[in-house]
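Read through the structure below, which is laid out as structure tokens, and then see the notes.
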Amino acid sequence: MSLIVQKFGGSSVANAERVFNVADIITKAYSQDNDIVVVVSAQGDTTDDLIAKAKEINGDASKREMDMLLTAGEQISASLLAMAIEKMGYPVVSLLGWQAGFHTSSAYGSARIKRVVPDRIKKELDKKNIVIVTGFQGLNRYNDMTTLGRGGSDTSAVAIAAVMNADLCQIFTDVEGVFTADPRKVKNARKLDVISYDEMLELASLGAQVLNNRSVEMAKKYGIELEVLSSMTRKPGTIVKEAKKMEKMLISGIARDDDVARVSIIGVPDKPGLAFRIFSKLSAKNINVDLILQSVGRNGTKDISFTISQANLKDTIEILNPYVELIGATNVVYDDKVAKVSIVGAGMETHPGIAAQMFEALYEADINIQMIATSEIKISVLIKRDDADKAVSAIHNKFFSETEPINP
Ligand code: ADP
Ligand code: ASP
Ligand code: MG
């Protein structure tokens with residue numbers, strides 16, 4: 001007998017037919033003499049719809065009340081899924097995050113899982129129940145419901161798999177696995193059979209929505225192998241695991257992130273300490289800065305540009321506008337119509353020339369690069385958002401020609 005954790009995303013349970021499809025997957029695994037813990041997301045676009053409803057009432061609602069609202073989405077899908085399984089004649093129980101033992105930090109809207117105490121889950125499994133747990137939520141030290149941030153159900157599933165030492169953790173979604181690029185946007189994107197935690201973590205952090213980045217971080221920390229697969233086609237998916245067990249791919253994928261804005265401070269006096277002062281101001285307000293570019297000083301001044309997420313743009317400009325005069329800079333400008341396109345691959349560490357190939361693809365597509373950032377296994381460029389579709393396709397064509405096998 002094995003313990004299997006299965007997570008189903010929103011589109012997998014979007015309507016009654018799909019709920020029964022998922023119930024069929026679950027009960028088949030249960031009938032093969034396995035203990036099954038299921039983590040479920042809210043149906044379809046429920047979370048977005050709830051956010052829209054809140055905005056109709058109060059555009060400035062407290063994060064606590066937002067979490068009170070959003071946790072309801074998963075309660076609906078978990079109970080409906082349990083009802084479907086009941087109807088099929090199997091023993092089942094649905095549990096909210098707190099009943100399943102999820103303790104989180106108190107940061108409403110982006111809480112971190114502190115620990116999972118799975119006593120109730122174990123009791124229910126001992127009673128031979130299939131256990132359905134609401135993803136994306138937990139309880140903080142004030143006994144208030146919290147949510148884990150968008151896409152957080154993946155993390156709920158990995159947390160249960162880690163604490164219960166599950167034999168298998170399957171993330172069912174609406175595509176057949178992890179692809180070389182978003183398969184909904186790039187038609188010749190190819191499914192990967194396997195990808196390392198580090199590459200998956202980069203892809204997820206750089207905009208590939210298929211797995212939440214915290215879930216990958218946690219899977220790596222606890223050595224939980226993940227299988228990402230489709231709930232619709234039931235074909236083998238993509239395995240996410242430790243790199244040493246696999247061959248290194250040159251490039252494993254391309255990711256795109258539209259949630260970026262570029263801010264530039266023009267005419268900053270060219271003397272020590274100013275970058276420090278500017279970025280400390282932002283970090284004091286918890287504003288995360290991503291790409292940074294500083295021009296070489298000329299005539300005693302320089303320009304400093306950086307990117308942030310769109311949600312932080314208003315605050316950043318409000319913080320910097322009065323400050324700019326104080327430090328003797330000229331002004332602050334911003335552009336919120338940019339996108340970050342990145343390539344990720346463990347092989348680039350040992351293969352020079354990957355950056356040149358990426359830039360060549362962009363040049364051939366007549367796309368201008370505004371900023372560049374690199375690390376050992378990724379290269380990111382900032383470009384005009386209108387160019388992003390074209391950029392992803394051009395880069396994809398450059399690295400994944402039809403004939404070249406991937407995952408040899
Ligand atoms: P779920 O609701 O199951 O959690 P998500 O919408 O969060 O599903 O994630 C799946 C989506 O991720 C896919 O529909 C796909 O459009 C998108 N995606 C982006 N990049 C990739 C990629 N590299 N591989 C697979 N899917 C990707
Ligand atoms: N329902 C939540 C969201 O839409 C959590 C998830 O789907 O993982 O972000
Ligand atoms: Mg998701």
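Ligands are counted one by one from 1 in listed order, and the atoms in each one are counted from 1 as well. Only this structure's heavy atoms are used, side chains among them; waters, hydrogens and symmetry mates stay out. Just so you know, these numbers come straight off a predicted model, no measurement behind them.
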Counting from 1 in the order shown, the ligand 1 atoms closer than 4.0 Å to a non-hydrogen atom of Gly10 are 2 (O)
Say whether Gly73 and ligand 2 are in contact under the criterion: heavy-atom distance to a ligand atom below 4.0 Å. no
Atom 7 (O) of ligand 2: closest protein heavy atom, distance to 0.1 Å, is Ser41 OG, 3.3 Å
4.0 Å heavy-atom contact, Gly135 with ligand 2: no
Within 45° of the ring axis of Tyr323 and under 6.0 Å from its six-membered ring centre, is that where the NZ or CZ of Lys281 lies? yes
- Query: Should we count CE of Met164 as having more than 12 external heavy atoms under 6.0 Å?
  - Reply: yes
Q: Mark yes when over 12 heavy atoms from residues, nucleotides or ligands other than Tyr334 sit less than 6.0 Å from its OH; otherwise mark no.
A: no
Within 4.0 Å of some non-hydrogen atom of Ala181, the atoms of ligand 1 are 22 (C), 23 (N)
#### Entry: Whether over 12 other heavy atoms sit under 6.0 Å from Asn288 CG
no
- Would you kindly say whether Thr146 and Thr104 are connected by a side-chain donor-acceptor distance under 3.5 Å? yes
heavy-atom search around atom 15 (C) of ligand 1 in the protein gives Asp182 OD1, 3.3 Å
Counting heavy atoms not belonging to Lys384, are there more than 12 under 6.0 Å from its NZ? no
> Does a donor on one side chain and an acceptor on the other come within less than 3.5 Å for Glu199 and Ser196?
Replying inline: yes
*For ligand 2, find out whether one of its N or O atoms is nearer than 3.5 Å to an N or O atom of Lys7.*
no
- Message: Take a 6.0 Å sphere around CD of Gln75 and say whether it holds more than 12 heavy atoms from other residues, nucleotides or ligands.
- Response: no
(request) Return yes or no for this condition: an N or O of Ile254 is under 3.5 Å from an N or O of ligand 1. (result) no
the protein heavy atom lying closest to atom 7 (O) of ligand 1 turns out to be Gln209 NE2, 3.5 Å
### Message
Less than 4.0 Å is my threshold; does some heavy atom of Pro183 fall inside it relative to ligand 1?
### Response
yes
Atom 3 (C) of ligand 2 has as its nearest protein heavy atom Arg150 NE, 3.3 Å
Under 4.0 Å from one or more heavy atoms of Glu74, ligand 2 contributes atoms 1 (N), 2 (C), 5 (C)
Nearest heavy atom to atom 3 (O) of ligand 1, choosing from Thr238, Thr173, Thr47, Val13, belongs to Thr173
Gly177 heavy atoms within 4.0 Å reach ligand 1 at atoms 24 (N), 25 (C)
Only residue of Ser153, Ser77, Ser156 satisfying side-chain hydrogen bond (donor to acceptor under 3.5 Å, both in side chains) with Ser41 is Ser153
_Any nitrogen or oxygen of Phe179, side chain or backbone, less than 3.5 Å from one on ligand 1?_
yes
Note: Arg184, heavy atoms under 4.0 Å from ligand 1, region reported as side chain
When distances are taken from atom 4 (O) of ligand 1, the protein heavy atom at minimum range is Lys7 NZ, 3.1 Å
**Prompt:** Near Asp366 CG, under 6.0 Å, is it more than 12 heavy atoms from other residues, nucleotides or ligands?
**Reply:** no
Under 3.5 Å between some N or O of ligand 1 and some N or O of Asp174?
yes
Per-atom filter on ligand 1: closer than 4.0 angstrom to a heavy atom of Val178 are 24 (N)
What I want to know is whether Thr180 and ligand 1 share at least one N or O pair that is separated by under 3.5 angstrom. no
Closest heavy-atom approach to atom 27 (C) of ligand 1 among Val344, Ile171, Leu206, Val210 is made by Val210
So, Arg64 and Asn140: side-chain donor and acceptor under 3.5 Å apart, yes or no?
no
query: How are the rings of Phe279 and Phe306 set relative to one another: parallel (under 30°), tilted (30 to 60°) or perpendicular (over 60°)?
result: perpendicular
For Gly151, the ligand 2 atoms with a heavy-atom partner under 4.0 Å come out as 3 (C), 5 (C), 6 (C), 8 (O), 9 (O)
Result for side chain to side chain contact (heavy atoms under 4.5 Å, CB included) between Glu217 and one of Leu201, Asn212, Thr155 points to Leu201
